Enquirer: 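Below is the structure I would like to discuss, written out as structure tokens.
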Amino acid sequence: MKKNILLFIAKGLDINRFEYGGLFKLLDKKYNLTIIIPDAVGARKVSDEIINTLSGYNVEMIPIEKDRINKWEMVHDLTCFKYSDEVSSYKVREEMLRRGAIGDHGFNLIPTNYHKSIRRHGFYLGSRIHLRNLLLNFKIEQSRKKYISKIDDILKREEYDDFIGRIENEIGINSKMDKIIEDHNPICVIYPTASYDVFFHDLLFLTSKKSVPLFQLQGSWDCLSSKYKMLHFPSLIGVWGKQGRDHGINIQKIESEKIKVIGAPHYEPLFKWHDKIKNDSSKNRKNKIYKCLFGGSLRPFDETFLLKSIENAINDKILPSMEIIYRPHPYRMPRIDEENFNDFNWANIKLDPFVKDFYKRNQNESNTLINSKFHDIDHLYSLYKSVDIIITPMSTLLLESLICGIPVIPIAFGDEKNIWGADKVGEMTHFRELKSIENILWCRSKDELINKILLAIKKTEDINYKNYLRDLSEKFVVRDDSFLNNLTKVLDNFILE
């Protein structure tokens, strides 16, 4: 008789990645699997198109209580302030909240531009919209300053651990989550997570208090170094590679024997594809059209400006013939004074057709796209296979480029308009460990960009360099066996214990 397992998963991207990697099929075959997702609205809602990918599985939903989540998010902000001197990612988060940068802290100002508003809506309506936004921004700023004062006051008047104990008593165990676990009586709970979702603190708190075995799975590159800090620990955690293990031990303070390196399911096709890489044997490089993927950033950064400079360099014959595919980040945050890509007639650059509709929607709805089915992973990987070089303003695409062995240019400078841009992202812990490696083609100022592209084009001919990049990636994502094989071994042992 099959035993019961519960799988809690809160975000559309996590569902997409782990479903793609075969996790749900594996568990459903061996156990009575029930998948638990949040019943939420707005940015926290898992879209119907994502939920449809779970058809055929037993799925239940937990209503999300906004007040609980707000209190847990305050704990996160307070933790960043408390540990900012120890963890560079937390230091960046504290600085960005204090400076009022557009970010994921709930106090985002509305990017305003009077002239753009007039052009888009006409003088009368445009003026009213601009004035309304200014008033809203004033209120947001006042709320942000009041919130920071509250956090500073808490850290001054009581010990961090005392505050955590007090807030946990105030919040209490999530009764709805508790009932689902009691009703199913699972042999264990499995929790794939990017560590910044509506289940995180509630699930760790509950399973710890009630001694329910919890097997957590790393869901994103930076989830152990810049997202929620664990207040309670899972029974076991599976991580992508050595870096995740180190972050689990040194930042999250997890006992080393509770951390198992098992890989990342959605990256396995990239490792298999890399094994087929050969030298570029094009005989007539003079007439070759080099293909480049420009992958955008989550954080605010003026990407249109950089694309225009690349376009001009190609037109002026400074760069060889190139075809640039622009793929904006699926969850890109609002940014200040970035011109709309679609307002220009590009000769050498085209928008990835798969994201065309998302880019339009993103101009007004960025916070509602986080749980949409943006990622067609097969399409994304087909892009990687089709290009010679990659440019990205500090996103996970850097890691994926290394896995593929594709010469990559990480943009590591700011645009002088957006506070939390590529320069600040580069200071976060998971990126800092790469920034000291000079063999990566870091672009540290806009004046370097064209020369870096020329250098990257030369590197396309060097199979040793491509293999070097691939070898670098193995610190971050292990490739000794398949994710599912590694997971099965660990899970079987975990359940037997």
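Not measured: the values here are computed from a predicted model.
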Enquirer: Determine the minimum heavy-atom distance between Met428 and Ser89, stating which atoms define it.
Expert: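 For Met428 and Ser89, the tightest heavy-atom pair comes out as CB-OG, 3.3 Å.
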Enquirer: Taking it one step at a time, do Gln216 and Ser195 satisfy side chain to side chain contact (heavy atoms under 4.5 Å, CB included)?
Expert: CA-CA 10 Å; Gln216 184 173 324; Ser195 302; 3.9 Å; yes
Enquirer: Charged N to carboxylate O below 4.0 Å: is that the case for Arg335 and Asp415?
Expert: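 Not counted as a salt bridge, because no side-chain N and carboxylate O are separated by less than 4.0 Å.
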Enquirer: I'd like to know whether Trp240 forms a ring-ring contact (aromatic ring centres under 6.0 Å, His included) with Tyr267, so could you lay out the CA-CA distance, the side-chain angles of the two residues, the decisive distance to 0.1 Å, and finally the verdict.
Expert: CA-CA 10 Å; Trp240 290 1; Tyr267 285 151; 5.5 Å; yes
Enquirer: With rounding to the nearest 0.5 Å, note down the distance linking CG in Leu217 to CG in Leu236.
Expert: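 Answer rounded to 0.5 Å: 9.0 Å.
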Enquirer: Taking the inter-plane angle between the rings of Phe294 and Tyr326 on a 0 to 90° scale, is it parallel (under 30°), tilted (30 to 60°) or perpendicular (over 60°)?
Expert: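 Aromatic pair Phe294/Tyr326 classed perpendicular.
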Enquirer: Are Asp152 and Arg98 ion-paired here, with the side-chain N under 4.0 Å from a carboxylate O?
Expert: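 Looking at Asp152 and Arg98, the cut-off is met.
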Enquirer: Given 3.5 Å as the limit, does a donor-acceptor pair link the side chain of Lys210 with the main chain of Glu182, or not?
Expert: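 Answer holds: no.
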Enquirer: Going by the side-chain contact (heavy atoms from CB on, under 4.5 Å) test, name the single residue among Thr207, Thr193, Thr34, Ile181 that passes it with Phe8.
Expert: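 Output: one option passes, namely Ile181.
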Enquirer: Check for me whether the distance between the ring centres of His76 and Tyr196 falls short of 6.0 Å.
Expert: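 Centroid separation for His76 and Tyr196: below 6.0 Å.
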Enquirer: With ring centroids as reference points, do Tyr160 and Phe163 lie under 6.0 angstrom apart?
Expert: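 Aromatic pair excluded; centres sit 6.0 Å or further apart.
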Enquirer: Let's go through Trp72 and Phe199 carefully: what are the C-alpha distance in whole Å and the side-chain angles of both, what is the deciding distance for ring-ring contact (aromatic ring centres under 6.0 Å, His included) to 0.1 Å, and is it a yes or a no?
Expert: CA-CA 10 Å; Trp72 286 129; Phe199 287 159; over 10 Å; no
Enquirer: Under a 4.0 Å threshold between the charged nitrogen and the carboxylate oxygen, would Asp492 count as salt-bridged to Lys30?
Expert: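 Yes, charged N to carboxylate O under 4.0 Å.
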Enquirer: Does Lys229 count as lying over the ring of Tyr90, i.e. NZ or CZ under 6.0 Å from the six-ring centre, within 45 degrees of the axis?
Expert: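 No, Lys229 does not sit over the ring of Tyr90.
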Enquirer: Does any part of the side chain of Met61, heavy atoms only, come nearer than 4.5 Å to the side chain of Val46, both counted from C-beta?
Expert: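 The answer is no; the side chains never approach within 4.5 Å.
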Enquirer: Can you tell whether the side chains of Glu94 and Lys91 come within less than 4.0 Å, N to carboxylate O?
Expert: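 So Glu94 does not pair with Lys91 through a salt bridge.
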Enquirer: Taking the basic N atoms (NZ, or NE/NH1/NH2) and the acidic carboxylate oxygens, is any pair closer than 4.0 Å for Lys242 and Glu433?
Expert: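 Looking at Glu433 together with Lys242, the answer is no, because their closest N to O distance does not fall below 4.0 Å.
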Enquirer: Run the numbers on Gln218 and His247 for side-chain hydrogen bond (donor to acceptor under 3.5 Å, both in side chains), then give the verdict.
Expert: CA-CA 11 Å; Gln218 180 179 350; His247 289 170; over 6 Å; no
